[in-house]
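Notes follow the structure.
Just so we're clear, the structure is a prediction, and the values are computed from it rather than from any experiment.
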There are 2 protein chains.
Amino acid sequence: MQQMLEKLREQKFRITPQRLAVVKILAHSKNHPSVEMIFEQVRRDFPTTSLATIYKTVSLLKELGEVLELGFPEGGNRFDGNNPAPHPHMICVRCKKIVDPPLEALSGLTREASQKTGYTILSHRLDFFGICPECKQNN
Amino acid sequence: MQQMLEKLREQKFRITPQRLAVVKILAHSKNHPSVEMIFEQVRRDFPTTSLATIYKTVSLLKELGEVLELGFPEGGNRFDGNNPAPHPHMICVRCKKIVDPPLEALSGLTREASQKTGYTILSHRLDFFGICPECKQNN
DNA sequence: CTTCATGCAAAACATTTGCAGCTGG
DNA sequence: CCAGCTGCAAATGTTTTGCATGAAG
């Protein structure tokens, strides 16, 4: 969170109450929130905030490299404000929860892919879709 | 391609010229075409075809499990008509080409992810973003 | 003070839907 | 024939944009 604010100040972007609220949510939530979720939370403190501002703020933070956007074709994009580096996600298809698993075997895979195709690999995205332990229990 | 047509007939869906054209494109193209690309190609043979029909056809084929949709947040969704099972993709960020690398280390990764998080894994998606050999050459 | 950000509304997209008329089997 | 497809246009949902007002620094 401090890092995000630092980056904003550094580049002469203003720290407005709305931006502060968005940053706070992104930095603290473990839920990979959607624009809509951020919007609703910000509204609790600043009821006049508009969706456009949320969009503007998150794309600003994205450009600064401080948040990662996880796009989905169905339109429910989610944001990760804790770890802007690419990393795998575990997505529960029932409750839509997204967690970050600690995986080790990934770098070998990247190397293999690069060798076999001749591509220079810049980034990647790995999502697993499944059912989380809680949802399995509350069947 | 024959398999797609078979599946359509089997479920009593009509083989219209438009559907045939879409199936042909999906079965033959190695380019993972977008809806727009399919639309333009179909229009060459059937100039009155509407975008809505393309959308309806690809989502029908998707429901039948005959094509895989690769969704992107930027809206440029692409389709894979050759291999409906989830598999990794190499995406060139310059020319947008998408190829399928033959990767072996993936099943181990899935197992590791499942063990570490307790999720039951149903599916996954792995995309590498980079620069393809051709683009590197034509720098 | 000056510049930039906000908030509203309208615009821009991509995709979906409703429906009259057409057509494949 | 006639159920189900097509093509049009309108509806939808999400994200973007333009611009006047307001607030940060």
Please tabulate, one pair per line, each protein N/O and nucleotide N/O from nucleotides 23-25 of chain C that are separated by under 3.5 Å, including the distance.
{"residue": "C:dG24", "atom": "N2", "partner": "B:Arg14", "partner atom": "NH2", "Å": "2.9"}
{"residue": "C:dG25", "atom": "OP1", "partner": "B:Ile15", "partner atom": "N", "Å": "3.2"}
{"residue": "C:dG25", "atom": "OP1", "partner": "B:Ile15", "partner atom": "O", "Å": "3.4"}

Does D:dT6 have its OP1 or OP2 closer than 4.0 Å to a side-chain nitrogen or oxygen of B:Ser50? no
Do B:His89 and B:Val99 come close enough that some side-chain heavy atom pair is under 4.5 Å? no
Just wondering, more than 12 heavy atoms not from A:Gln11 lying within 6.0 Å of its CD? yes
Using atom types as modelled and distance alone, determine if a side-chain donor or acceptor of A:Thr117 lies under 3.5 Å from a backbone N or O of A:Ala113. yes
Do B:Leu5 and B:Leu20 come close enough that some side-chain heavy atom pair is under 4.5 Å? yes
Atom NZ of A:Lys62 and atom P of D:dT15 are separated, to the nearest Å, by 10 Å
Taken in chain and number order and not counting sequence neighbours, the residues that satisfy side chain to side chain contact (heavy atoms under 4.5 Å, CB included) with B:Glu63 are none
Is the shortest side-chain N to carboxylate O distance from B:Arg125 to B:Asp127 below 4.0 Å? yes
Strictly distance-based, threshold 3.5 Å: is any side-chain N or O of B:Arg19 a donor or acceptor partner for the main-chain N or O of B:Arg14? yes
Considering residues at least two apart in sequence or located in another chain, which fulfil the side chain to side chain contact (heavy atoms under 4.5 Å, CB included) criterion with B:Glu36? B:Ser34, B:Phe39, B:Glu40, B:Leu51
Taking the nucleotide of DNA chain D with the nearest heavy atom to each, does B:Lys12 or B:Arg43 sit closer to the 5' end? B:Lys12
Protein-nucleotide distance (A:Glu63, atom CD; D:dT16, atom C1'), rounded to Å: 13 Å
Distances for protein N or O near nucleotides 13-18 of chain C N or O, under 3.5 Å:
{"residue": "C:dT15", "atom": "OP2", "partner": "B:Tyr55", "partner atom": "OH", "Å": "2.2"}
{"residue": "C:dT15", "atom": "O5'", "partner": "B:Tyr55", "partner atom": "OH", "Å": "3.1"}
{"residue": "C:dG18", "atom": "O6", "partner": "B:Lys56", "partner atom": "NZ", "Å": "3.4"}

With five pairs defining each end axis, the helix from C:dC1-D:dG25 to C:dG25-D:dC1 comes out bent, to 10°, by 40°
Can you confirm whether A:Lys62 sits close enough to A:Leu68 that some side-chain heavy atom of one is under 4.5 Å from a side-chain heavy atom of the other? no
Quick one: salt bridge (charged side-chain N to carboxylate O under 4.0 Å, His left out) pairs with a partner in residues 93-109 of chain A, sequence neighbours left out? A:Lys97-A:Glu134, A:Glu104-B:Lys116
From CD1 of B:Ile54 across to P of D:dC5 the rounded distance in Å is 15 Å
Separation of atom CZ in A:Arg9 from atom C1' in C:dA5, rounded to whole Å: 17 Å
Atom CG of B:Leu20 and atom C1' of D:dT6: how far apart are they, to the nearest Å? 15 Å
Side chain of A:Arg19, heavy atoms from C-beta onward: which of C:dA5, C:dG7, D:dT6 has the nearest atom to it? C:dA5
Residue pair A:Asn82 / A:His28, side-chain donor-acceptor N/O under 3.5 Å: no
I want to check one thing: is the phosphate of D:dA23, taken as OP1 and OP2, less than 4.0 Å away from some side-chain N or O of A:Gln18? no
Protein-nucleotide distance (B:Leu61, atom CG; D:dC5, atom P), rounded to Å: 12 Å
